[in-house]
Amino acid sequence: MISQLLLDWFSVHRRELPWRDTSDPYKIWVSEIILQQTRIAQGISYYFRFIERFPDVKSLAVANEDEVLKYWQGLGYYSRARNLHASAQTIVNDFNGEFPSDFKQIKSLKGVGDYTAAAIASIAFKLPYAVVDGNVYRVLSRLFEINTPIDSVQGKKEFFELAQELIDKRTPDLYNQAMMDLGAMVCLPSTPLCMDCPLQSLCQSYHNGSYAEYPVKEKKIKQRDRYFVYLFLHHQEKIYLHRRSEKDIWAGLYEFPLIELNAPLWEEDFSILLKMLGKEFSIAEIKKVTAMPNHVLSHQIIHSFFIDAVGTIPSPSSAKYITVSEDDLANYAIPRLIELYLDRK
Ligand code: SF4
């Protein structure tokens, strides 16, 4: 299912890149090494110049290292060029000048890791090895809401196994390129274009509004503090509810009218808070204020309190809310934080 959706999307939206017109492992190898630390836009002109001067393994193997480095000038990370050069000589000496078509042999070349070996093996030789890079970690972690850190030993193993399970064994070349393109063009790091995504209907983080929390990293987990003030507002036996629709935590769940503050604004500033509330809500009586313990999510800490009050929401703000009886609340999906409040109020 996933692979078919991806392949259909790729057949229409694929990026046209010079190394995609070929199944020559040498050219694919050169392009992958260039792209290891270089953006595509910058890498394309280098690729053309390099391939023009060194069109095959043999021409690279017999070249002088200084000249190879010259052709690399400006790209940085020169060990890449030295490794290319040394590996070209290995191919000539140990593999009779034929680019190896076995995954382990490809990976034995200097400067070739799992990702590059999988890219060459799948694209040039149609071998079913899944590529796993930053783009793939991002897509898979969002798709399945995987909380295992991608920079942990367990995470690397889990993602690798999952990617390997998902790869289309009939067309691993197209599947891998489709996954790379999806990560690079649609499932973008900070603002994924979910509306254009062929996997949207299957994506758990899209449905839960949690894409910003993925992928999880062990070393850089920064928990963001958020400050919520909920208004448990009664009007004639009914309470107000609002459905969270934005791409945020708890998207699609129901909650009480909420004011989110940029910083804590607790007891000592309560009059300021009341003024803020007065702009949107008409509060007749405050019955109780309940401070909740910190609610800890994987990437956020919610500091909150609830104001139990009597009042109404005048239009036009009222259009955002529905009113339900307190007994009917059980029919609405609500965040755990609100459940905890209802239990303790
Ligand atoms: Fe990424 Fe959005 Fe697609 Fe999910 S729906 S895989 S978050 S682009």
Side-chain angles (χ1 to χ4, degrees), residues 1-17 20 35 39-41 115 118-119 122-123 128-152 154-169 171-218 220-224 226 243-253 297-300 302 333 335:
M1 175 85 167
I2 287 177
S3 71
Q4 199 49 56
L5 289 170
L6 258 182
L7 292 171
D8 289 348
W9 172 83
F10 185 65
S11 67
V12 178
H13 298 283
R14 58 180 280 156
R15 290 179 292 183
E16 294 309 327
L17 300 170
R20 286 201 169 156
L35 295 180
R39 297 162 69 86
I40 286 182
Y115 174 87
S122 63
I123 299 170
Y129 288 91
V131 293
V132 183
D133 70 344
N135 285 330
V136 178
Y137 278 126
R138 195 164 59 250
V139 172
L140 294 184
S141 64
R142 287 173 172 174
L143 203 50
F144 298 101
E145 286 192 320
I146 300 172
N147 288 306
T148 314
I150 60 170
D151 52 352
S152 64
Q154 175 60 22
K156 286 187 198 320
K157 183 170 175 284
E158 217 175 283
F159 278 88
F160 179 78
E161 285 171 1
L162 176 62
Q164 204 50 46
E165 213 175 282
L166 293 174
I167 192 170
D168 189 311
K169 309 274 186 303
T171 52
D173 50 337
L174 300 180
Y175 175 88
N176 273 341
Q177 293 175 78
M179 197 52 120
M180 293 172 189
D181 279 11
L182 189 80
M185 297 160 70
V186 177
C187 195
L188 303 173
S190 51
T191 319
L193 308 176
C194 302
M195 292 305 151
D196 299 330
C197 180
L199 306 182
Q200 188 204 80
S201 63
L202 303 171
C203 180
Q204 291 177 20
S205 76
Y206 171 76
H207 290 296
N208 295 325
S210 61
Y211 67 80
E213 297 180 25
Y214 297 94
V216 173
K217 285 188 187 160
E218 194 169 59
K220 283 190 209 139
I221 292 182
K222 269 200 216 136
Q223 283 182 311
R224 176 179 155 216
R226 296 179 75 176
R243 187 164 193 256
R244 291 180 71 92
S245 57
E246 63 278 0
K247 299 281 162 241
D248 196 347
I249 52 167
W250 308 332
L253 302 191
L297 305 174
S298 60
H299 286 62
Q300 303 187 17
I302 312 293

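Owing to the predicted nature of the structure, the values given are computational and were not obtained by experimental measurement. In each ligand, atom 1 is the first atom listed, and ligand 1 is the first ligand listed.
Near Tyr206, meaning under 4.0 Å from any of its heavy atoms, are these atoms of ligand 1: 5 (S). Heavy-atom contacts of Gln200 reach the following atoms of ligand 1: 5 (S) (cutoff under 4.0 Å).
Looking only at heavy atoms of the protein, atom 1 (Fe) of ligand 1 is closest to Cys187 SG, 2.4 Å. The shortest contact between atom 3 (Fe) of ligand 1 and any protein heavy atom is with Cys197 SG, 2.3 Å.
Between Arg142 and Tyr206, the closest side-chain pair of non-hydrogen atoms is not below 4.5 Å.
Checked for salt-bridge contact, Arg226 and Asp248 meet the test: a charged N lies under 4.0 Å from a carboxylate O. For the pair Arg20 and Glu16, the salt-bridge criterion is not met [side-chain N within less than 4.0 Å of a carboxylate O].
At least one N, O or S atom of Cys203 sits under 2.8 Å from atom 4 (Fe) of ligand 1. Taking 2.8 Å as the criterion, Cys194 counts as a coordinating residue of atom 2 (Fe) of ligand 1, since one of its N, O or S atoms falls below it.
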Apply the test side chain to side chain donor-acceptor pair (under 3.5 Å) to residues Ser122 and Asp173: give CA-CA distance (whole Å), side-chain angles for both, the deciding distance (0.1 Å), then the verdict. CA-CA 5 Å; Ser122 63; Asp173 50 337; over 6 Å; no
Assess whether side chain to side chain donor-acceptor pair (under 3.5 Å) is satisfied between Glu158 and Thr148, documenting all intermediate values. CA-CA 8 Å; Glu158 217 175 283; Thr148 314; 3.0 Å; yes
